[in-house]
Amino acid sequence: GNVALHLGLNHPDRTEAVIAACTGSGSSGDDGFIERFREIAEMLDRGELERFADALMSAPSFAGFLRLRPDLVELQRKQLLENNARGLANTIRGVQMMRPSIMTLGEKLKKLSVPTLILVGDEDIPCYEPANFMREHIPRSKLVVFPQTGHILNLERPADFNREVMEFLGAVESGQI
């Protein structure tokens, strides 16, 4: 979500639309995001990939995934364990810890000229407030909140997610937005 949002903000001439799904974790400022991610990067530096996977899968934002898609939990964990610990640590430090808070982008968001679909689960607490902030500031935006859904809504509610994305893209393509 953050990558797509920043592509639209920084290169609107190369962007027809933005889909910002589960965007803005760490934007509240007082939620300990940076410190938690520093600790996670250090954990990964020590090669503790299994501990990382367990911590991620037990995070509150993943509760919806565990509840709605128990059939995919083991696959998701397996895929997490296939990552390179050093690469994950570097991504955390170089991308996630360095990105600006959504709440500091108000003036830039007001200038975002392309249609923007904002998707968030109502149980994705770190992204819920930033999603509403984006909706208030992006002129041509639509916010869709998925009920009883956490941070990986494309896996938790794939049919609903795909329907919203396809309807949005169809509206963009036909010029309705």
I need the [X] [atom1] to [Y] [atom2] distance, nearest 0.5 Å.
X	Y	atom1	atom2	answer
E123	S61	CD	OG	9.0 Å
F52	L44	CZ	CG	5.5 Å
I34	M98	CD1	CE	8.5 Å
D45	N90	CG	CG	7.5 Å
I40	R93	CD1	CZ	11.5 Å
R99	T104	CZ	OG1	11.5 Å

Exercise. Kindly determine whether E107 and L105 satisfy side-chain contact (heavy atoms from CB on, under 4.5 Å), including the steps that lead there.
Key: CA-CA 6 Å; E107 291 306 311; L105 299 175; over 6 Å; no

Close side-chain approach of [X] and [Y], heavy atoms under 4.5 Å:
X	Y	result
V73	M57	yes
R46	R51	yes
K111	K108	no
F33	S25	yes
L119	E164	yes
Q76	R69	no
L49	L88	yes
V120	F146	no

Kindly say whether [Y] contributes a backbone atom to a donor-acceptor pair with the side chain of [X] at under 3.5 angstrom?
X	Y	result
D122	T149	yes
S101	M103	yes
T116	V114	yes
H137	F133	yes

With a 4.0 Å cut-off on N to O distance, would you call [X] and [Y] a salt bridge?
X	Y	value
K78	E82	yes
R163	D160	yes
E39	R36	no
R67	E156	no

How close do [X] and [Y] get, heavy atom to heavy atom, and via which atoms?
X	Y	answer
S27	G24	OG-O, 2.8 Å
R86	N84	N-OD1, 3.0 Å
S141	I118	CB-CD1, 3.9 Å
A21	F161	CB-CE1, 4.1 Å
L68	P70	C-CD, 3.3 Å
S113	P12	OG-CB, 4.2 Å

Can [Y] be reached from [X] by stepping across I, L, V, M, F, W or Y side chains whose heavy atoms are under 4.5 Å apart?
X	Y	value
V3	M97	no
L66	L56	yes
V165	I177	yes
I152	L81	yes
I125	F37	no

Exercise. In sequence, state the C-alpha distance, the side-chain angles, and the governing distance for L117 and V18, and then conclude on side-chain contact (heavy atoms from CB on, under 4.5 Å).
Key: CA-CA 6 Å; L117 177 62; V18 169; over 6 Å; no

Practice problem: I would like to know whether R157 and L153 meet side-chain contact (heavy atoms from CB on, under 4.5 Å); could you show each step before the answer? | Solution: CA-CA 6 Å; R157 298 199 182 273; L153 45 93; 5.5 Å; no

Quiz item: Taking it one step at a time, do M134 and L5 satisfy side-chain contact (heavy atoms from CB on, under 4.5 Å)?
Solution: CA-CA 10 Å; M134 286 186 287; L5 178 64; 3.8 Å; yes

Exercise. Using a cut-off of 6.0 Å, state whether more than 12 heavy atoms not belonging to Q79 lie near its atom CD.
Key: yes

Quiz item: Is the number of heavy atoms from other residues, nucleotides or ligands within 6.0 Å of CD (E173) greater than 12?
Solution: no

Quiz item: Side chains of T23 and N2: do they bring a donor and an acceptor to under 3.5 Å?
Solution: no

